[in-house]
Amino acid sequence: MVSAEQTRARILDGRVTSDQIKLEVAAEVARWSAERAVKPRLAAVLVGDDDASAVYVRNKVRACAEVGIESDQRRLPASTTTEELLSLIRELNQSEDVDGILIQLPLPGQIDEATIIKAIDPEKDVDAFHPSNVGLLAMGRPRFVPCTPAGIIELLDRNQIGIAGKNACVVGRSQIVGRPVASLLLQRDATVTICHSHTKNLSEICLQGDLIVAALGKPEFVTADMVKEGAVIIDVGITRLPDSSKKSGFALKGDVHFASVSPKCSYITPVPGGVGPMTIAALMKNTFKACMDKN
Ligand code: NDP
C-alpha cells in the first residue's frame, strides 16, 4: 500500500528546467560565436492566421533572442500554395546564413505537408521531421531529435527519473510526438506500448504504465482510474477551450485530468508550463547544433 505522502505528485516544472537549459545554451552560443564571429540563425515560417501557431512562433523567436540565436520570421498568407512555400524553402536551403528551418505546423489544407517536409534540407531540419531524420532516429543514430520528444526525455533526465526497465505507455502515434517519443523511450530501455484510436482496453494498458505519455489532443482524457499509484505522467496535450473568465477568452487544457490524477501519481507535468517550454528549449539546442555541424 502506498502512503499519502508517497503519492503526492511532484510537479515537473518545464518552465524552470527550460530556463536552465536556455541559460546553458546561451553561454555556449556566446562562447562559440565569439570564437568564430558567426551566430546561429533560425528561419521560422508561419503560413496563415492561426492564433495558436502565431503564439508558438512568437515564443520560439523570443527564445532565440534569449539565447543569442538570430531569427527571421517569415509570414505567408493563408492562401499560399505548395509551390510558393517550396520556393521559400529552396531559398532558405540555399542561404548560407540560415542554419535551421522551422515550418510551423499545421499548414493550411491546400498545402501538401509531406512534400514540404521532404523539401527541407535535412541538415537544417531542426524539427527533425524530414524522412531521413526520421530514419536516423529510428535507427538510434539521430542527427536531430524532434523537439517535443527530446524535451520530454530531458525533463525526465534532469529530474533523475529513470527510464530503463519502466513500462511506458504512449497514448498517440503521431509522427511529431507519439512515434518518436516511443522510439526514444525504447532506446532508453523502457518497455513501450503505443496506444491509438483503435486500441482496445486502453484504460487497462495505461494502468500498467509506470510512465504515461499522453499525446492525443483530447482534453482531460487520462483520468485517475487509468493511472496506477506512483506513475510518472507526461502531459503533452494542449487544447484551447473557450473560457469567458480568462482575458484571452480561452483556457489551455492538457490530455490529463490534472486534478484527479495528480494526487495518485509520483510526478506530473502541468499544462501550460510542462512539455511546451521544454519543446522550445530543445529547438534552441537543435538550432545551435545545426550551426555547429555546418561550421
Ligand atoms: P495528432 O492529432 O497528430 O495525433 C493524435 C494521436 O492520438 C493519433 O495517433 C490518434 O490515433 C490518437 N488518438 C486520438 N484520439 C484517441 C483516443 N480517443 N484514444 C487513443 N488515441 C487517440 O496529434 P499530435 O501528436 O500532433 O498532438 C497531440 C497533442 O499534443 C495535441 O494537443 C497538440 O496540441 C499537443 N502538442 C503539444 C506540443 C508541446 O510542445 N507541448 C507539441 C506538439 C503537440 P490515430 O493515429 O489512430 O488517429
Side-chain angles (χ1 to χ4, degrees), residues 12-15 17-18 21-22 44 50-63 102-107 109 113-114 117 126-129 134 137 144-156 168-185 192-209 212-223 225-227 233-241 250-258 268-286:
L12 294 171
D13 190 329
R15 285 200 180 108
T17 309
S18 89
I21 295 168
K22 283 188 285 182
D50 180 65
D51 279 350
S53 291
V55 171
Y56 295 145
V57 170
R58 199 161 57 235
N59 289 342
K60 290 168 186 176
V61 165
R62 189 180 299 146
L102 175 144
I103 311 290
Q104 185 65 42
L105 302 179
L107 293 166
E113 208 164 275
I117 289 170
V126 286
D127 265 333
F129 297 158
V134 173
L137 181 78
F144 299 113
V145 177
C147 300
T148 300
I152 291 170
I153 300 292
E154 186 143 14
L155 191 59
L156 293 171
C169 172
V170 177
V171 189
R173 57 172 168 182
S174 72
Q175 297 290 351
I176 296 173
V177 188
R179 286 171 202 242
V181 83
S183 182
L184 290 174
L185 291 167
V192 183
T193 307
I194 306 175
C195 302
H196 46 78
S197 65
H198 299 268
T199 299
K200 295 200 170 72
N201 306 326
L202 191 139
S203 294
E204 285 79 354
I205 296 170
C206 286
L207 267 173
Q208 301 295 317
I212 297 178
V213 179
L216 66 161
K218 299 265 182 280
E220 303 186 329
F221 180 92
V222 176
T223 44
D225 56 315
M226 299 163 71
V227 171
I233 309 293
I234 302 293
D235 189 352
V236 183
I238 309 176
T239 304
R240 286 180 166 204
L241 292 181
F250 63 84
L252 294 180
K253 290 280 177 208
D255 287 345
V256 175
H257 189 268
F258 188 92
I268 187 166
T269 58
V271 176
V275 173
M278 293 302 298
T279 297
I280 294 183
L283 175 68
M284 298 302 105
K285 289 178 87 167
N286 279 354

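Remember, it's 1-based here, ligands and their atoms both numbered in the order they're listed. Because the structure is predicted, anything quoted here is derived from the model rather than measured. Throughout, residue positions are numbered sequentially from 1 according to the sequence presented.
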Of the protein's non-hydrogen atoms, which lies at the shortest distance from [atom], and what is that distance?
atom	result
atom 21 (N) of ligand 1	H196 C, 3.1 Å
atom 17 (C) of ligand 1	L216 CD1, 3.6 Å
atom 43 (C) of ligand 1	V177 CG2, 3.8 Å
atom 29 (C) of ligand 1	G217 N, 3.6 Å
atom 47 (O) of ligand 1	S197 OG, 2.5 Å
atom 36 (N) of ligand 1	V236 O, 3.7 Å
atom 6 (C) of ligand 1	G172 CA, 3.7 Å
atom 32 (O) of ligand 1	I238 N, 3.0 Å

Closest approach of [X] and [Y], non-hydrogen atoms and distance?
X	Y	result
V61	A44	CG2-CB, 4.4 Å
N286	F144	O-CE2, 3.4 Å
V256	I268	CG1-CD1, 4.1 Å

For a 4.5 angstrom cut-off between non-hydrogen side-chain atoms, does [X] reach [Y]?
X	Y	answer
M226	F221	yes
P219	H257	no
R173	H198	yes
T17	M278	yes

Please could you name the atoms of ligand 1 that [X] approaches to less than 4.0 Å, counting only its heavy atoms?
X	result
R173	6 (C), 8 (C), 9 (O), 45 (P), 46 (O), 47 (O)
G237	29 (C), 30 (O), 32 (O), 35 (C)
A215	6 (C), 7 (O), 28 (C)
K218	15 (N)
L202	19 (N), 20 (C)
F221	18 (N), 19 (N)
T279	39 (C), 40 (O)
G276	40 (O), 41 (N)

| query | For atom 4 (O) of ligand 1, which candidate among P146, G254, S174, P106 provides the closest heavy atom? | reply |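 Minimum heavy-atom distance to atom 4 (O) of ligand 1 goes to S174.
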| message | Evaluate V171 against C169 for side-chain contact (heavy atoms from CB on, under 4.5 Å), listing each step before the verdict. | response | CA-CA 6 Å; V171 189; C169 172; 4.1 Å; yes
| query | Just to confirm, does any protein heavy atom lie below 4.0 Å from atom 2 (O) of ligand 1? | reply | no
| task | Would you confirm whether any non-hydrogen atom of the protein falls under 4.0 Å from atom 40 (O) of ligand 1? | result | yes
| task | Please say whether more than 12 non-hydrogen atoms of neighbouring residues, nucleotides or ligands are located less than 6.0 Å from NZ in K22. | result |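 Result for NZ/K22: enclosed.
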Side-chain donor-acceptor distances from residues 148-156 under 3.5 Å, at least two apart:
{"from": "T148", "atom 1": "OG1", "to": "T279", "atom 2": "OG1", "distance (Å)": "3.1"}
{"from": "E154", "atom 1": "OE1", "to": "K285", "atom 2": "NZ", "distance (Å)": "2.9"}
{"from": "E154", "atom 1": "OE2", "to": "R158", "atom 2": "NE", "distance (Å)": "2.9"}
{"from": "E154", "atom 1": "OE2", "to": "R158", "atom 2": "NH2", "distance (Å)": "3.0"}
{"from": "E154", "atom 1": "OE2", "to": "K285", "atom 2": "NZ", "distance (Å)": "3.2"}

| message | For T269, run the side-chain contact (heavy atoms from CB on, under 4.5 Å) check against L12, V236, I233, D13 and tell me which one passes. | response | L12
| query | Is there a donor-acceptor pair under 3.5 Å between the side chain of D255 and the backbone N or O of D235? | reply | no
| query | Taking heavy atoms and a distance under 4.0 Å, where does T148 meet ligand 1: side chain, backbone, both or neither? | reply | side chain
